[in-house]
Structure formats: structure tokens, C-alpha cells
Amino acid sequence: MKTGEYLDKRDIKSRSLDELKEEFTALGLQSFRAKQVYSWLHEKQVLTFDEMTNLSAKHRELLDNEYYINSLAVERKLVSAIDGTIKFLYRLRDGEFVESVFMRYKHGNSLCISTQVGCRMGCKFCASTLLGLKRNLDPSEMLDEIYTAQRETGEKVSSIVLMGIGEPLDNFDNVLKFLSILSSAEGMNLSLRHVSLSTCGLVDKINKLAEYKLGLTLSISLHAPNDEIRSQTMPINSKWNIEQLLRACRDYFEKTGRRISFEYALISGVNDSDECALELAQRLSGMISHVNLIPVNAVKERGFVRSSKQRIKRFIEVLEKNGVNATVRRELGSDINAACGQLRRDSMKHQ
Ligand code: SAH
């Protein structure tokens, strides 16, 4: 499927306000109409042109002929009985599936969204990458993960994490466009301070992202203290090793002033020894950073087992004794837990 087009129509929800103004002028519409339509799409989040009641029937028809309004179907919705976390399996207009997770925190609701259909990064512990990459998500599809979750729950989403299926920096242009629409004053107006973007370490794209000086939090999926262990689980490490990755992180911090967050999934017997913790602390010394420890989610095909509670406690002690800030990520929705990417894969098996 060609991105941004469907049934020979243009994807109106992926257009910036400036692009809409230009295109509307070419269609013979006054440019203030662009602002009205943009606000219907991104602030009020309507699903049809007919709901845009400050446009004439003629204009609505004109737009309907030129553009489509993207939407997602909720294929499955799993609600945790423990903490109300909701996992959405969304069906896209070409029949592909992606997942989002809606999490409730004291400070507000957070949504974890997907950025690609599948992934080509090949991390050994990850379910999302088992079947490779199908395609990139359009900006409109990422926005609709949020708009649909808000509609379904009747609640506002106040922070976003790009940690669902896919590698956000492998879909760089669409992700940037998504972020700019998301944070626009005439749209959802969500500050990028409330957005985290997680990457397995595409160094060229981290350098490129730094140039934009966005307020978001960059998370790095590190998962190992040295190249030997990281290369075993993350193929990207043979392209850019830890030293190159950490250099990009230091540069990123210098350019943006934003503290980097490191993800470290603890896998029993692989990366969870005291020596690993010490080596990790040495690697990160002098960096303004934070380490998020995640007990690895077992993925059937992979055979990795999570570290014991005791081991995790000890790992964190060693980090802290050596001056590294670390927390263990609170697990939400453990009763509906199919680790990320597993719901999509299950539904594909049943087809
Ligand atoms: N591609 C991006 C974002 C998606 S993955 C990235 O790699 O960062 C989101 C996070 O979940 C990453 O830190 C990833 O390494 C981690 N992850 C993947 N599979 C996991 C599993 N089975 N258990 C724990 N964390 C996992």
C-alpha cells in the first residue's frame, strides 16, 4: 500500500496545517477553512466530513472527493482486572494490525503506541520483530491510536510513549510529522515534554533527531553493559556498538539539555550478574541519565527467562552504590500480558 493515499484520495489527517492551507487554496477554498477542518480532525477528532458543521454541504462534498479521513477499528480490547490497563488491538484500513496500551497513573493516562507494522530490528527477546517489518505507519495512523483510545475510554491521554510495535527512528519522517501535529496548538496541543521515544540505537537518526531539539525524552534500549552480550541479543549492535551509541547520547544531551533514559531488560543468566551491573555503572558514569530496569517478558519462541526478584534487587543495589540512578519499571496489566507484539501475532495466526 502506498503510504498517504487510499482509494486515490489523500490522507487529510497526515497533513500539517500549513500544507492544508496550501492545498485548500489550490482547491479554491479560503485558507481559514484549513484551520477549521484541522481543528475538527485533531481537536474535536471527528470521523466524517459531515460532522464539520461550520462547512457548507458543497465544501464537505468537495473535501470528501479529495481526501479520506483515516480511522482504526478496534479488533480486540483487553481490560486488566488488576489495574484497569487496556490493551487495544487495532485493525488498519489495509487489514494489518497494531497494538496500543492505555495505562492509568496518578498523574494521568499514558498511551504506549506502535510506530510500524512489525519491525526489522531483530532483537532476540522481542515478539514484535519475529515476522519482520510489513510497513511504516502514517502520521494519521499514529494519531488515531490516541484518538481512538480516547474515544473508547472517554478519558484524556496526557502522555505518550513510542514503545509499542516498531522502531520509531526507522520511520523517522512520519514520526516527526506525527509529533508536530500532536503538539500543535490547533490540534491536541500535547507538549512534547509528555512524550518518550524509545530506540534500539539507530545512531545516525539519534544525531539527526538532536538537531530538532525537541522537548521529548529519548529512551535508549541498551539491555547490556558490553558489546559481547549486546551483540548476542541485538543485531543493531554490529552496526553501531555501545561506544558509538553512548557518544551519540552524550552529544544528544549536549544539544538538547534533555536527560537520557536507558532501558535494561533483565534476562536471567544473560545480563543480570553483579559484574554486569558494575560494568553498566562504569559505562554510564559521568552521564546525566536514568536506568529503567524491566524484568524481561518471556516470549515463548525465545526461551528467555526473567531474573528473580532477589537478583533484580541486588542489581539495582550495585548500580546505586556506583552512582547510577535506577528504578524497576512497575508492571501494569500483568493479567492481560501478552508482551508487546504478541496480540498482533496471535490474531494473525487465527486468520
Ligand atoms: N524499537 C524501539 C521501541 C519499541 S520496543 C526500541 O527498541 O526501543 C519498547 C521497549 O520494550 C524496548 O526497550 C525493547 O527493548 C523492550 N522489549 C522488547 N521485548 C521485550 C521483552 N520481551 N521484555 C521486556 N522488554 C522488552
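In listed order, ligands and their atoms are each counted from 1.
Side chains of R15 and Y67: no donor on one and acceptor on the other come within 3.5 Å. A side-chain donor from one of W40 and N54 sits under 3.5 Å from a side-chain acceptor of the other. For the residue pair S184 / Y38, a side-chain donor-acceptor distance below 3.5 Å is found, with atom types taken as modelled.
Residue contacts with ligand 1 include H223, since one or more of its heavy atoms lies under 4.0 Å from the ligand. At least one heavy atom of G164 sits closer than 4.0 Å to an atom of ligand 1.
Residue C126 approaches ligand 1 through these ligand atoms, each under 4.0 Å from one of its heavy atoms: 18 (C), 19 (N).
Residue L72 comes nearest to E145 through the heavy atom pair CD1-N, 3.5 Å, listed as atom of the first residue, atom of the second, then distance.
Residue-level proximity to ligand 1 for E263 is carried by the side chain, the only part with a heavy atom below 4.0 angstrom. Heavy atoms of T199 found under 4.0 angstrom from ligand 1 belong exclusively to the backbone.
Of the possible polar contacts, one joining the S14 side chain to the S140 backbone as a donor-acceptor pair under 3.5 Å is found.
For atom 1 (N) of ligand 1, the nearest non-hydrogen atom from the set C200, G166, S221 comes from G166.
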